[in-house]
**Student:** 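What follows is a single structure, and I will ask about it in a moment.
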Amino acid sequence: MAGCGNDGGSGSGGLDVGIVLPTKDETRWVQDETRFQEALADSDYSTEILFSQGSSAKEKENVETLISKGMDVLIIAPHDGAAAGAAVEAAKDEGIPVISYDRLITDTDALDYYVTFDSVAVGEAQGQYLVDNAEGDGIPLYLYAGAASDNNAFLFFEGAWKALQPKIADGTFVIANSSAAEGLKDKAELDRQEIGSIVGQLTTNWDPNEAKNKAETHLTSAGPDLKGDVSVLAPNDGTARAISDVFASDGAVTSYTITGQDADMASIQYIIDGKQTMTVFKDVRTLVEDAMGMAVDIIDGNTPETTATYDNGSMEVKAKQTDVIVVDQDNVKAELIDSGYYEASDFTGLE
Ligand code: GAL
């Protein structure tokens, strides 16, 4: 990334780009930190990455720290999409442009841009994978969701429901663990409040421990008719591994098809070992490239390229959206090794 110095923006000559990520406790965001560092290794732009450790108060503090360092542009993935409004409004009050990263910040007009993956397509890919791998009918379907404070969790579930609902309605799948979803099974399109009622029941809060506890509770209360060969919608890789371990330890579950997201290295090993069935690969290198490209455009006084808009409840946010790729045992090598995302030596048993 060619340099232009650090006084192009309104940040009075300090830090060029401030980057705030939700937490270091989840593999996904450590991945982003690594990819930012790789992308910025030979950059002339000064950047700083701070983590909010799952706290909106810490997040606001991080943004204030970066403002005090004269930040020109803020790139932020919110811990809680609605609660992050206060932090970005503080940046806005200082005339600092804000780029929402991966997750949309909602109910504020303090955003300038949004870079993300197609989150509805992520959920649709997960749901379609379960549909494509369904044999027979009456298949017990266990549903899990992300954190209700994350706008993406609604988009993931909206996409998954689009693929799964027709197959729930025709009896291919039987919902095993949600009265809210059962009550809506004949409805093809759900509104935000309806998705919220299901996410509320099935949320993992993106926490593998919470996912494990929920799966244990569901399997403990499930009768033999809800075991055997089952299908599991797990929202991301961190929760998928925890849920997979629980299903693997239940003797009455003879087989399970389980989804994921993020292509965490540990989940790629699970996929190679047959303990997780698929993941949705989101090439974080592209997201980093898009976010930094936008920040540099802004610093240089150019208008960043955008490909979509998102209604965040207060404004239409101009966005750049990237496609996603389904990965399972058949294409791990092609999508993740040949693309240079990971090394073959990172795994065992890779053919
Ligand atoms: C989502 C993100 C996913 C996921 C999750 C957990 O917003 O898009 O990649 O891993 O958060 O942090």
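Note that this is a predicted model, so its numbers are computed, not measured. Every number for a ligand or one of its atoms is a count from 1 in the order of the listing.
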**Student:** Tell me, which protein residue and heavy-atom name are nearest atom 2 (C) of ligand 1, and how many Å apart are they?
**Tutor:** Asp102 OD1, 3.4 Å
**Student:** Are Asp237 and Thr27 linked by a side-chain donor-acceptor pair shorter than 3.5 Å?
**Tutor:** no
**Student:** As an exercise, identify every atom of ligand 1 less than 4.0 angstrom from a heavy atom of Phe156.
**Tutor:** 8 (O)
**Student:** Hey, which atoms in ligand 1 end up nearer than 4.0 Å to a heavy atom of Asn152?
**Tutor:** 1 (C), 7 (O), 8 (O)
**Student:** Against heavy atoms of Gln261, which atoms of ligand 1 measure under 4.0 Å?
**Tutor:** 3 (C), 9 (O)
**Student:** Taking the cut-offs as 6.0 angstrom to the six-membered ring centre and 45 degrees off its axis, would you call Lys275 and Tyr270 a cation-pi pair?
**Tutor:** yes
**Student:** With sequence neighbours excluded, what pairs up with Tyr129 under the ring-ring contact (aromatic ring centres under 6.0 Å, His included) test?
**Tutor:** none
**Student:** Which one of Asp150, Asp264, Asp207 has a non-hydrogen atom at the shortest distance from atom 7 (O) of ligand 1?
**Tutor:** Asp150
**Student:** With atom 11 (O) of ligand 1 as the reference point, say which of Gln31, Glu26, Arg103, Lys282 has the nearest heavy atom.
**Tutor:** Arg103
**Student:** Give a yes/no on ligand 1: does Trp29 have at least one heavy atom closer than 4.0 angstrom to it?
**Tutor:** yes
**Student:** Examine the side chains of Asp16 and Ser46 and answer whether a donor and an acceptor come within less than 3.5 Å of each other.
**Tutor:** yes
**Student:** Name the closest protein heavy atom to atom 9 (O) of ligand 1, giving the residue it belongs to and the distance to 0.1 Å.
**Tutor:** Asp262 OD1, 2.5 Å
**Student:** Please list, chain by chain and in numerical order, all residues satisfying salt bridge (Lys or Arg N to Asp or Glu O under 4.0 Å) with Asp250, sequence neighbours excluded.
**Tutor:** Lys227
**Student:** Under 6.0 Å between the ring centres of Tyr256 and Tyr142?
**Tutor:** no
